[in-house]
Structures are given as structure tokens and as C-alpha cells.
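All remarks here apply to the structure that follows.
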Amino acid sequence: MATPLSPQSGTPRSPLKTIAVVGLGTMGTGITEVLLKAGREVIGIDVSEAQAARSVAALEASTARAVERGRLTEQDRADALARLLVTTDLTAAADADLVIEVAPESYEVKHQIFRALDGIVRPETILATGTNALSVTRLAADSARPERVLGLHFFNPAPAMKLVEVVSSVLTAPQAVATVTDLAIELGKEPVAIGDRPGFVADGLLFGYLNQAAAMYEARYASREDIDAAMRLGCGLPMGPLALLDLIGIDTARTVLEAMYAESRDRLHAPAPILKQLSEAGLTGRKAGRGFYTYEAPGSATVVPDALTPAADAAAAQGREVRSVGVAGSGTMASGIAEVFAKAGYDVVLAARSEEKAQAAKARIGKSLSRSVDKGRLTAEAAAQILDRIAPAGSYDAFAEVDLAVEAIAEDLEVKRQLFATLDKVCKPGAVLATTTSSLPVVACARATSRPQDVIGMHFFNPAPAMKLVEVVRTVLTADDVHATVREVCAKIKKHAVDCGDRAGFIVNALLFPYLNNAIKMVEEHYASLDDIDAAMKLGGGYPMGPFELLDVVGLDVSLAIEKVLHREFRDPGLAPAPLLEHLVAAGCLGRKTGRGFREYARR
């Protein structure tokens, strides 16, 4: 982290040397800290004396921690705090080169501040709003100097988060944008220049996803714990959506979504009723001590058990004994699942349409185990024992004695139905039959058998040996002991099982793919570039990959197929696949596997 005396930040090159921050809540205080550490003179302004005092105390505490951690010297800290003036008087902004407004998300409040600033600051002063939901253009139009008004959207916590969205209206002067962009770079941030629309890039994509997660929970499709675990473990996200809503503030999320819906009229942005109910009840998340979860105290991050917390000793049906497992398929997913079961000590029959395909799949597992040996994760002896547990077979007749049969073949419903009809004939009575489908109806596979009560979904994620999540999908016909069996098996193979019902996309894909589709629509509308959108989601949302990186990895054809299934099931116009995705698939641009998708890749 740069100190005020570093070459990067000690001598500001930007003409914006004195900066006023109006609104000293969490975000305003964080922005103030960033500016102080970068050598700026900062005028902190808040209408509340108590809030201004809390902000000063928070800054003193955070800079003290920075000294303890060796990120600042005591002298640096003293110099930084000496550059801070905190007041309740807005006229103190008269000498500012830039004013950053981070007042509550209300047009009326922000409008009053901007009109007042018009009569206080110099003509050349730039006025920036920190809104993440309201129209920058509308605020600019109400100002006496619309060409000097823009959006400067930091992310919380401002000292840690690298992304800053620099938002222009049609009225904003290019020089004002360039000046503020230079400042963001000097602050050590990564600015993304975008146009004015509710939510901008990061929140525009993020809040639609959060809204769908809230609606999924409200419909009692899955528990809050399972929704959050599914998105953390299935997508590598730092937080689950419901925990994130609690952190952001449920009232804030509702405000952002209402602004987005007013602009887009997209039903995906229409706030889920539960957000209104929680907000009006004062259950706004961590800051209130209760939202989707209950917290130790208002402002605490520690979740405590409540009436909705699953009981650790909840009575469950007794599962069936599973000693041997059959895995149907010869692709990457089938071999990965077979490896997982063999590592857990199960005897595995790996069956494909031919002996050669089965042998090739086992050889792939052998290479995977060898890599683990090379990395010191397994001994050569253990790898050999694991591989010995896997018996390849060229016919599904080899499943005659398995206790659990897991299919991992092509994502084609008719092909899967034919396989389940075969498994019905060859598997012994009482064997559990599982499908790894990611988007097709599990009940359709079940109805292809004479024992639909024995059929369940076990949706593994690729690569199966590394990914911890399994979505356990019950149909209305699945027996309780079959569900219990699969939960027990997941525990033995060290996977985190989440329960969900039999509907398109289950948890992860139902939340992930609309978000990816919305990112494509942003590009179609020329609102932002691929690179800016990917950067925004990685830097502003903590995503391990940007949406276009992920689409190219998953495969555009796979993504389109899932989008079509979601659109067909939920009949929501907002879920219709983006035309650009359809055009790329039609052109054979399927992502990394073909060398070209949204981006081009070097051929291997």
C-alpha cells in the first residue's frame, strides 16, 4: 500500500489536490482514508456531528492498524491525519478541486447537495456523485455546471477494492472524465470508464443475480445456507448472495433494484417481495443485526443460530448401504467422478459404449493420479491402489451388482432416457440410480424406469476431483432413503451436498447463466467492452473470472443450451438468450475449445 510519502502518492501529480467528501458513512470514510494515504488534503463533511466524530474515530483506528502492520510509519499517519478537516458545514468545500458526494441514495438529498454546492465551489471544481443506482445525468441536468458533474463509484471497502467506475453523462466534459480518471490511477485504483445507466457495470450485473437469489429463497426452493454454499463452492465466489445482501444492506439493494427496474422494466430487476418485507420490518442485514441471517449484534459479521438454522442432529431417513459404484460415460466428467469415488475407497465400475472408450477413460484417471503424485499430494502406492479399484467395462451389463449407478453421458434428454431404461433392466433391485445432468429434468429420467423412487440427481461440477459441490436433486417421486443415501455418500467422498428441487438450472446454473447472459447484452448494447466488464466483476465483485472469460471456458454452445432450457422453463423474456451468443455459436465460435469465442486463443 502506498504511503503519503511514496513517489506514487506523496506528491500528487493530479490538479485535484484538495478534495471534499460529503457524507461520512462507511463509504465516505473509506474514500477519505484512500485520499489521505495518497497525500490529498481532505475536507470531510457530514450533516451529523455524531457521524462526523465516528468517521474520525474510524480513520484514527484504521491508520493505527496500518502502523501496527508496517504499512505506514507513525510520522506518515500523523501527516495523513493532519491533512484532514472534518466539519458539518458544506461551505467548507469552497476551496475543493473535487467534491465527492456519498450521501444516502435519494434524488432529493443528492439534488439538494448539488444545488447548494453550485453556490459554494469554484467554477472549475468537479462534482462527483458516488451513487451506484441513481441517474448521473439527472443530477447533472439539475446542476448549474452539468459539464463538471460525473459519477465516481468506489466499491466497499474502498481502501481494499481496486475498481472505480468513472461514469459520464451525455453532458459531461471529456476533460473532467480524464482528470478524475488520472486521479483514480494515482490512488492505486483501476478505473473503468462507462456510460450512465442504473447499476453501471458491476452492480448492474451483480444486483440482478442477488435479486434472483432472494426470489429463489423466498420460493423455498432451497435453504439460505444451501444457496450461499452452492454459489461459493460452485462458482468460487467469496460470499454467497444472501450473505452478501446482508452485508450490502437489504434496503440498499432494494433501492438499487428499483432504480434498475424503473429504467429497464426487466422482470429480473423487479425487487423480490422479500426484500421489501425485510426492509420495512427493519431487518436490513448486518447493520441491523438481522436480515437473511441473524448476527451476534448490529454491525457484527458473526452469524448466530436462529429458528431457520438447520439442526445438526436433525432426524433423517436411514440410507441404503453403498459399497460399489457404477459410473456411466467416458468423458472428462465421468472419469473425474470415477476418480472421486475410487479415492474414497469405493469399488468402481467405469462403463462406456465400448471397451476402448472405457480403457481410455481409465487411462485419463491414471494421468490425473500421476499428476497428483508429481505434486506430492499422493504417494505412488496410493495412486496405484486407487487405479486398481476402477474396473473398465464396455457394457452397462457390468452394473449388475453396483449399489449406486451414476450416469455422466451427453446432455441430451433422449440419450439419458434410453440409458436409464437400460439401467432399470441391468441394475439390481434397491440400487440407487443418479443423473449428473446440469439442466435437464431428473423426473424425465426417472419416468424412463420402473422404479422412479430410486432415481435422483447428483450434479457434480467440473473438474469433479477439485470441485467440492454436489447439487442433490430430488424429484417428487424420489424416496427418502434414496435422498439419505446420496447425502451420506457425498459426505464419504468429501463433497458438500446442497439440496434442491427438480427444476431447470437447479441452484448454480439458474443464478449463474442469467448473469452471464446480461453481461452479453451489455456488450450488444455497446455499453461497455469485454475487458471492462471482466475487470469490473473481478475487481468490484471479487469474482475469480470475468463473465466472458468464464463463457469461453464453459463453452458458448453449452452456455446457449442452458440459457434455452432456463428460458423454456421459466418463460421470462429477460432469460431469452442474447442474440450475440446465438450468432457466435452458429458461426462455430464456441470458446477456448475451438480457439475463438468472445476472444481468440492460440491453438495448441
Side-chain angles (χ1 to χ4, degrees), residues 319-355 357-358 361-362 365 389-438 440-460 464 470-475 477-493 495 497 502:
R320 304 175 188 178
E321 185 177 17
V322 175
R323 290 169 297 182
S324 61
V325 178
V327 178
S330 57
T332 303
M333 183 59 84
S335 56
I337 293 170
E339 179 180 334
V340 166
F341 279 108
K343 279 180 176 174
Y346 289 100
D347 291 325
V348 179
V349 178
L350 179 55
R353 287 175 294 174
S354 70
E355 184 71 31
K357 285 183 177 292
K362 182 173 180 178
I365 297 168
R389 293 190 193 110
I390 300 171
S395 165
Y396 298 124
D397 291 341
F399 285 178
E401 295 302 319
V402 301
D403 302 304
L404 167 64
V406 181
E407 72 78 14
I409 62 171
E411 193 73 346
D412 181 301
L413 184 56
E414 192 48 43
V415 173
K416 288 185 188 291
R417 285 174 56 85
Q418 290 174 10
L419 174 59
F420 271 83
T422 299
L423 296 178
D424 190 33
K425 294 186 181 79
V426 302
C427 292
K428 66 185 181 184
V432 174
L433 311 180
T435 172
T436 62
T437 182
S438 62
L440 300 174
V442 176
V443 74
C445 297
R447 290 294 303 278
T449 73
S450 63
R451 40 175 149 174
Q453 72 279 2
D454 291 341
V455 178
I456 195 167
M458 284 185 77
H459 180 210
F460 287 80
V470 174
E471 289 177 319
V472 177
V473 187
R474 293 188 70 161
T475 77
L477 302 172
T478 304
D480 288 344
D481 65 339
V482 168
H483 174 250
T485 301
V486 169
R487 295 280 309 194
E488 290 167 7
V489 165
C490 285
K492 288 178 184 175
I493 61 176
K495 300 296 182 187
D502 184 20

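All values below were derived from every heavy atom in this structure, side-chain atoms included, with hydrogens, water molecules and symmetry-related copies excluded.
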Derivation of the side-chain contact (heavy atoms from CB on, under 4.5 Å) call for I365 and L350: CA-CA 11 Å; I365 297 168; L350 179 55; 3.9 Å; yes

Non-hydrogen atoms of A361 and S335 that approach each other most closely: O-CB, 3.8 Å

Can you list every side chain to side chain donor-acceptor pair (under 3.5 Å) pair that touches residues 338-347, not counting sequence neighbours? E339-K343, E339-S368

If you measure from SG on C445 to CG on L440, what distance do you get to the nearest 0.5 Å? 7.0 Å

Measure the CG-CD1 distance between L477 and I456 for me, rounded to the nearest 0.5 Å. 12.0 Å

Please report the closest heavy-atom contact between A398 and V349, naming both atoms and the distance. CB-CG1, 3.7 Å

Run the side-chain contact (heavy atoms from CB on, under 4.5 Å) check on T485 and V322 step by step: do they pass? CA-CA 8 Å; T485 301; V322 175; 3.5 Å; yes

Work out which heavy atom in K495 is nearest to a heavy atom in A464; give both atom names and the distance. NZ-O, 2.6 Å

With sequence neighbours excluded, what pairs up with D424 under the salt bridge (charged side-chain N to carboxylate O under 4.0 Å, His left out) test? R451

With sequence neighbours excluded, tell me which residues meet side-chain contact (heavy atoms from CB on, under 4.5 Å) with A342. V348, I386, R389, I390

Which distance, rounded to the nearest 0.5 Å, do you find between the CZ of R417 and the CG of L419? 12.0 Å

In the structure I gave you, are the side-chain heavy atoms of V325 and V402 within less than 4.5 Å of one another anywhere? no

Pairing residues for S438 by the side-chain hydrogen bond (donor to acceptor under 3.5 Å, both in side chains) criterion, not counting sequence neighbours: E411

Heavy-atom pair with the smallest gap, counting every atom of R487 and A497: NH1-O, 3.3 Å

Taking T478 for the side chain and V455 for the main chain, is one N or O donor matched with an acceptor at less than 3.5 Å? yes

Separation between OG of S395 and CZ of R353, rounded to the nearest 0.5 Å: 13.0 Å

When rounded to the nearest 0.5 angstrom, what is the spacing between CG in L423 and CD in E407? 8.0 Å

side-chain contact (heavy atoms from CB on, under 4.5 Å), that's the test. Do T422 and F399 meet it? Break it down for me. CA-CA 10 Å; T422 299; F399 285 178; over 6 Å; no

Selection residues 425-434 - residue pairs positive for salt bridge (charged side-chain N to carboxylate O under 4.0 Å, His left out), sequence neighbours left out: D403-K428

Taking every non-hydrogen atom, the tightest pair across D412 and E414: OD1-N, 3.0 Å

Heavy-atom check, side chain of C490 versus side chain of V472, under 4.5 Å: yes

Output for pair (L404 CG, L433 CG), nearest 0.5 Å, gives 8.5 Å

R320 meets the salt bridge (charged side-chain N to carboxylate O under 4.0 Å, His left out) criterion, sequence neighbours left out, with D454, D481

Between V327 and A334 the two heavy atoms that sit nearest each other are CG1-O, 3.5 Å

